J.: 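Pasting in a structure now, in C-alpha cells, and then I'll have a few things to ask.
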Protein chains: 2
Amino acid sequence: MVEISGIMPVVDELDSAIIRELQADARQSNRELARKLGIAPSTCLERVRSLTHRGVIRGYHAEIDLTALNRGVQAFIAVQVRPLSRAVIDAFKDAVRGMPEVLAVFVLAGGDDFQLHVAVQDLDHLHSFLVDRLSKRREIVSFRSSVIYQREHNNVLSPLPAD
Amino acid sequence: MVEISGIMPVVDELDSAIIRELQADARQSNRELARKLGIAPSTCLERVRSLTHRGVIRGYHAEIDLTALNRGVQAFIAVQVRPLSRAVIDAFKDAVRGMPEVLAVFVLAGGDDFQLHVAVQDLDHLHSFLVDRLSKRREIVSFRSSVIYQREHNNVLSPLPAD
DNA sequence: TTTGAAAGACGATCGGA
DNA sequence: TCCGATCGTCTTTCAAA
C-alpha cells in the first residue's frame, strides 16, 4: 500500500468542481455552492476547509479594474542582472516586488533573468519608472520594455490530466 | 460645474479601503469589512454594490495552487504573427485564449506581437504544446519560450496618485 | 466522509436622519 | 449618503450513520 496522503494535494472530482466554482465566483454562498454540486452545505464547508488547509486554495481576491486604480498603461519589462548569483537574484526580486507599479515578478530561465509586469498611470510614468527608478539599480545590465495593448486572463483553470 | 459622475470610476478614500480589503480577502463577511472601516454594515454593502455596478470590482476569484492543478511548469511564449491585421490578431488571440494550457494572453506593442503565459504538467508537455499545437497555426512566424522558475504576484494593488 | 438539525451570525431591505 | 432595526437566510458546529 502506497502512502499518498498526508498534506498532499490529492484532488478528487468533487474538489475539482469546488475549485472551478470558487475560481469563477469566490463570493457565492456555501449553500449555493453545495446546491450546485448536489451535496449538503456542511459537507461542502468541510471540503473547502480541507482544500484551504492543504494549500490548494491559496486565497480569495477581488479583481479590480486597473483604470479605476489610475493604471491605464501596462507593460512587460525583461531584465538581465549580473552577477547571476542567488544573492543578486533575491535582492532584485524583493526590491521590485515592493514597488507599487509592479503587478508581478517572474524569474526566468534563458535569455532574460526577470520579467516584470507593471501597471502605471500613463506612458510618461512608465518612462520615469524605467529611467528614474529601475535603472538606478546597479545589478541591471539591460532591460527591454513592451507596452501591453490588451490582456486576457483565464480566471478558471482546470486540473490537467496526468498522461 | 463639471460633470464627472455617472458611471465613472470616481473612487474615494472609503472605496479605496474597501478595494484594498477585498483584494486581500474576498471572502470576509460584510460585517467584518464594515467593522475594519468603521462604518455601518448597510453602508458597506451599498458601497460594495456601487463599486460592482460601476465596474470597479470585476469579480471575486479563488487563487489555486498550480501544482495541485498538475501544472508544475510555467512559461512565457513570445509570438510574432503575420500579417499583422486585426483579423489575424483577433483570431489568434481567441484561439490561444481557449487553450487549457494558457493562463493569460497579452497583445504587445513592439518587437513581439503576443506574449502567452502558460502552465503545463512538465517540460515534455510544454514542448509538445509548442511543437504539436502552437506551431500548427500558420499565422505564426516565430516564437520564443522562456521557462518561469518563480512567480510572485501582488494581489493587493493601490490606486496610483494622479500627479 | 457525509449528513440533518439547532443556534448564532450574517445579508439585505427600508425608513429616517 | 449614511445609519440602525428588522427579517429571512446563511454559516458553523456537532452527534449520528
Side-chain angles (χ1 to χ4, degrees), chain A residues 1-65 68-70 159 162, chain B residues 1-65 68-70 159 162:
Chain A
M1 187 65 171
V2 183
E3 176 65 292
I4 54 165
S5 195
I7 290 196
M8 279 194 56
V10 178
V11 174
D12 65 14
E13 285 295 320
L14 191 51
D15 288 334
S16 285
I18 291 173
I19 287 168
R20 173 169 36 78
E21 286 297 331
L22 288 180
Q23 283 181 100
D25 179 8
R27 283 204 74 133
Q28 61 187 304
S29 74
N30 183 65
R31 285 188 104 87
E32 188 178 352
L33 188 54
R35 185 185 53 72
K36 285 180 183 170
L37 306 181
I39 58 176
S42 49
T43 305
C44 191
L45 198 64
E46 175 51 33
R47 286 283 189 148
V48 172
R49 279 211 183 112
S50 171
L51 287 167
T52 303
H53 181 251
R54 286 182 283 158
V56 175
I57 295 175
R58 299 174 62 93
Y60 305 95
H61 310 288
E63 180 188 355
I64 306 298
D65 179 30
L69 295 176
N70 198 24
Chain B
M1 187 67 170
V2 182
E3 177 65 287
I4 55 165
S5 193
I7 289 195
M8 278 193 59
V10 177
V11 174
D12 65 14
E13 285 295 319
L14 192 51
D15 288 334
S16 285
I18 291 172
I19 288 169
R20 173 169 35 79
E21 286 297 330
L22 289 179
Q23 282 181 101
D25 179 8
R27 280 201 75 122
Q28 61 187 307
S29 72
N30 182 65
R31 291 185 107 88
E32 188 179 352
L33 188 54
R35 187 186 51 74
K36 285 179 184 172
L37 306 183
I39 57 175
S42 51
T43 305
C44 192
L45 199 63
E46 176 49 34
R47 285 283 190 150
V48 172
R49 278 212 185 111
S50 171
L51 287 168
T52 303
H53 181 251
R54 285 182 284 158
V56 175
I57 295 175
R58 299 175 63 93
Y60 305 95
H61 310 289
E63 180 188 355
I64 307 298
D65 179 31
L69 295 176
N70 198 24

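Just so it is clear, the structure is predicted and the values come from calculations on it, not from any experiment. Per chain, numbering begins at 1; letters A, B, ... match sequence-line order.
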J.: Look at the side chain of B:Thr43 and decide which nucleotide, out of C:dT2, D:dT13, D:dC2, has an atom nearest to it.
T.: D:dC2
J.: Whole Å only: how far is the CG atom of B:Leu33 from the C1' atom of C:dC10?
T.: 13 Å
J.: Taking the side chain of A:Arg31 as heavy atoms from C-beta outward, which of D:dT11, C:dT3, C:dT13 is closest to it?
T.: D:dT11
J.: To the nearest angstrom, how far is A:Glu13 atom CD from C:dT1 atom C1'?
T.: 17 Å
J.: Rounding to an integer number of Å, can you tell me how far A:Glu46 CD sits from C:dG4 P?
T.: 16 Å
J.: CG of B:Asn30 versus P of C:dA12: gap in Å, rounded?
T.: 8 Å
J.: What are the two closest heavy atoms between B:Glu63 and A:His61, and how far apart are they?
T.: OE1-NE2, 2.8 Å
J.: May I have the distance from A:Gln28 (atom CD) to C:dG11 (atom P), rounded to whole angstrom?
T.: 15 Å
J.: Measure from the side-chain heavy atoms of A:Ala40 and tell me the nearest of C:dT3, D:dC3, D:dT12.
T.: C:dT3
J.: Do other residues, nucleotides or ligands put more than 12 heavy atoms under 6.0 Å from B:Arg58 CZ?
T.: no
J.: Can you tell which of C:dT13, C:dG4, D:dC2 lies closest to the side chain of B:Ser42?
T.: C:dT13
J.: Atom CG of A:Leu45 to atom P of C:dT1: distance rounded to whole Å?
T.: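 These atoms are roughly 16 Å apart.
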J.: Could you tell me whether A:Asp15 and A:Arg54 have a side-chain N and a carboxylate O separated by less than 4.0 Å?
T.: yes
J.: For a quick test of reading the model, state the closest non-hydrogen atom pair linking A:Val11 to B:Ala68 and the distance between them.
T.: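 Heavy-atom minimum between the residues: CG2-O, 4.1 Å.
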J.: How do A:Arg47 and B:Pro41 order along DNA chain C: which one's closest nucleotide is nearer the 5' end?
T.: A:Arg47
J.: Look at the side chain of B:Ser29 and the base of C:dG11, then say whether one donor and one acceptor between them are separated by less than 3.5 Å.
T.: no
J.: Counting just side-chain N and O atoms, does A:Arg27 come under 4.0 Å of either OP1 or OP2 of D:dC10?
T.: no
J.: Within this structure, what is the CG-to-C1' distance between A:Leu37 and C:dT2, rounded to whole angstrom?
T.: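 Computing the A:Leu37:CG to C:dT2:C1' distance gives 14 Å.
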J.: Show the nearest heavy-atom pair for residues A:Ala62 and B:Ala26, with the distance to one decimal.
T.: N-CB, 3.7 Å
J.: Whole-Å distance between C:dT1 C1' and A:Asp12 CG?
T.: 11 Å
J.: On the nucleotide C:dA9, are OP1 or OP2 found under 4.0 Å from the side-chain N or O atoms that B:Arg35 carries?
T.: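 Result: no.
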